[in-house]
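Proteins get letters first, then strands, A, B, ... in listed order; numbering begins at 1 in each.
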Amino acid sequence: MEDQARMMSGLVGLSGLSQADVGDHDAVRKQHSLGQPQQDIGDILQQIMAITDESLDEAQARKHALNCHRMKPALFSVLCEIKEKTVLSIRGIQDEDPPDPQIMRLDNMLLAEGVSGPEKGGASAAAAAAAAAAGGSPNDGSIEHSDYRAKLAQIRQIYHSELEKYEQACSEFTNHVMNLLREQSRTRPISPKEIERMVGIIHRKFSSIQMQLKQSTCEAVMILRSRFLDARRKRRNFNKQATEVLNEYFYSHLSNPYPSEEAKEELAKKCAITVSQVSNWFGNKRIRYKKNIGKFQEEANLYAVKTAVDAASVSSQASQANSPATPNSGGYPAPCYTPDGRL
DNA sequence: TTAGATGATTGCCG
DNA sequence: CGGCAATCATCTAA
């Protein structure tokens, strides 16, 4: 009966019940002041429970006494064993997961984009070079290039500072928990193995947070890339001189406006654009000219005259007869190109 | 703000 | 693979 009362009083601190609800306070006090704990486990438990009822100094003294008790290590290991067999064994199984393939994928991508790799790495330079090669005149290209690099550097900086913050928070928290558990292991059955396991759990939690960071960084990089590498979004009209050169070629080869590979290269060099841009231009030009020859008539005449004048000036023979109003009179190919008229 | 111009892309064909 | 046709996305002049 007395034992029961002791146990009940011990529970008071934990359950929040009032002393009046569980029994005679003075009787309990008397038990506490009995001095050295008895050798049976029930007494030790009782004392552990009773700690909550005592003042801090008293509690510390009692805690120390408990720690020094010769039964303590045995009891501790038994309780740890019991705990291990029940809760932790269940948890232990699901904790053993292999390295996440998702996070490896994200890591690889960030490395490839030059975000997580070494500063100013080759990867980012390569990506920027690809951006420059993707389109636009060299001038615009270099502007986009530096803009792209700046944005990428910004993303990289945010990524690294966030990562550092997470790592710091993780290690701080881990230390805190470890200290707490070590401290509590003096009064609770917490084995080093369990502490280790807890650290593992914390690390997993933080790495899942890190994965979110990596994921959002990847997204940001993808958006950046799509914005800068999709040339359609950053289309620049060719400069006047380039258009002039291309038109000259087109109208002076109206009967067969299909420049050879060499001619394309030549034109590309003259216009400071890529060969594929030349191809695009001719493809667009042919289709649009064909669709509406009338609309291009004036332009055709203009370039016919232009070419004629150029040729005439080379032969140092004035061609006064030619004027925009009287086109196709210089012996140059008339705008006779038709869809079927491809020679 | 908007219509037309224009460079790029995509899908298909021979 | 080169070219055509349709279409997209952006630029530009009015």
Side-chain angles (χ1 to χ4, degrees), chain A residues 109 112-113 124-152 154-155 218-307 324-325 327-328 332-343:
Chain A
M109 189 192 150
E113 297 299 336
S124 69
S137 68
N139 251 351
D140 291 343
S142 67
I143 291 165
E144 303 307 341
H145 179 128
S146 62
D147 205 5
Y148 177 85
R149 267 216 317 232
K151 288 256 164 58
L152 196 65
Q154 210 178 327
I155 289 174
C218 273
E219 262 169 44
V221 172
M222 293 308 274
I223 289 166
L224 184 69
R225 278 180 74 92
S226 71
R227 190 166 296 160
F228 279 86
L229 298 187
D230 186 354
R232 263 207 306 206
R233 291 183 193 283
K234 280 277 147 192
R235 188 174 70 74
R236 288 285 118 120
N237 288 353
F238 299 153
N239 62 41
K240 220 171 163 140
Q241 187 248 333
T243 314
E244 200 115 310
V245 170
L246 293 167
N247 271 318
E248 252 170 56
Y249 187 97
F250 180 79
Y251 285 111
S252 63
H253 297 75
L254 251 190
S255 56
N256 184 33
Y258 295 86
S260 65
E261 202 56 35
E262 295 78 48
K264 281 181 190 172
E265 277 169 26
E266 179 79 24
L267 286 166
K269 207 186 289 178
K270 269 194 206 168
C271 302
I273 58 178
T274 66
V275 172
S276 75
Q277 283 180 303
V278 173
S279 298
N280 281 340
W281 189 92
F282 273 88
N284 283 323
K285 191 72 183 180
R286 282 192 298 265
I287 202 90
R288 283 163 185 165
Y289 180 82
K290 190 184 79 177
K291 266 189 178 169
N292 193 350
I293 295 177
K295 196 176 73 184
F296 287 93
Q297 193 68 57
E298 205 176 321
E299 190 179 66
N301 295 337
L302 193 79
Y303 280 99
V305 169
K306 209 170 155 58
T307 326
N328 311 325
Y332 286 89
C336 60
Y337 169 70
T338 64
D340 337 315
R342 218 165 124 170
L343 303 177

- Query: Just how far, in rounded Å, is C1' of dG7(B) from CZ of F250(A)?
  - Reply: 15 Å

- Task: Give the rounded distance in Å between these two atoms: NZ of K240(A) and C1' of dT6(B).
- Result: 15 Å

- Task: Report yes if the distance between the aromatic ring centroids of Y249(A) and F282(A) is under 6.0 Å, otherwise no.
- Result: yes

- Output yes when at least one side-chain N/O atom of Q277(A) is less than 4.0 Å from OP1 or OP2 of dG7(B), else no. no

- Check the distance between dT7(C)'s P and K291(A)'s NZ and give it to me in whole angstrom. 8 Å

- Less than 4.0 Å between a side-chain N and a carboxylate O, is that true for K285(A) and E299(A)? yes

- Query: Separation of I287(A) atom CD1 from dT10(B) atom C1', in whole Å?
  - Reply: 14 Å

- Item | side-chain N/O N280(A) vs dA8(B) OP1/OP2, d < 4.0 Å | yes

- Message: So F282(A), base contact, sugar-phosphate only, or nothing? Heavy-atom distance under 4.0 Å.
- Response: nothing

- Task: Round to the nearest Å and state the distance from K290(A) atom NZ to dG3(C) atom C1'.
- Result: 10 Å

- Message: Exactly one of V278(A), T274(A), I273(A) should register a side chain to side chain contact (heavy atoms under 4.5 Å, CB included) with S276(A). Which one does?
- Response: T274(A)

- Nucleotide dA8(B), atom P - distance to CG of L246(A) in whole Å: 11 Å

- Query: Hey, is the side chain of K295(A) poking within less than 4.0 Å of OP1 or OP2 on dA5(B), counting only N and O atoms?
  - Reply: yes

- Task: Using only side-chain N and O atoms of R286(A), determine if any of them is under 4.0 Å from OP1 or OP2 of dC4(C).
- Result: yes

- Message: I need the CZ-P distance between R236(A) and dT12(C), as an integer number of Å.
- Response: 7 Å

- Round to a whole Å and report the spacing from CG of N237(A) to C1' of dA9(C). 12 Å

- When you check the phosphate oxygens OP1 and OP2 of dG3(C), does a side-chain N or O of K264(A) lie under 4.0 Å from one of them? yes

- Note on the structure: Sorted by chain and residue number, the ring pair (Phe, Tyr, Trp, His ring centres under 6.0 Å) partners of F296(A) (sequence neighbours excluded) come out as Y289(A)

- Would you please confirm or rule out a distance under 4.0 Å between OP1 or OP2 of dC4(C) and any side-chain N or O of Y258(A)? yes

- Atom CD of E261(A) and atom OG of S279(A): how far apart are they, to the nearest 0.5 Å? 6.5 Å

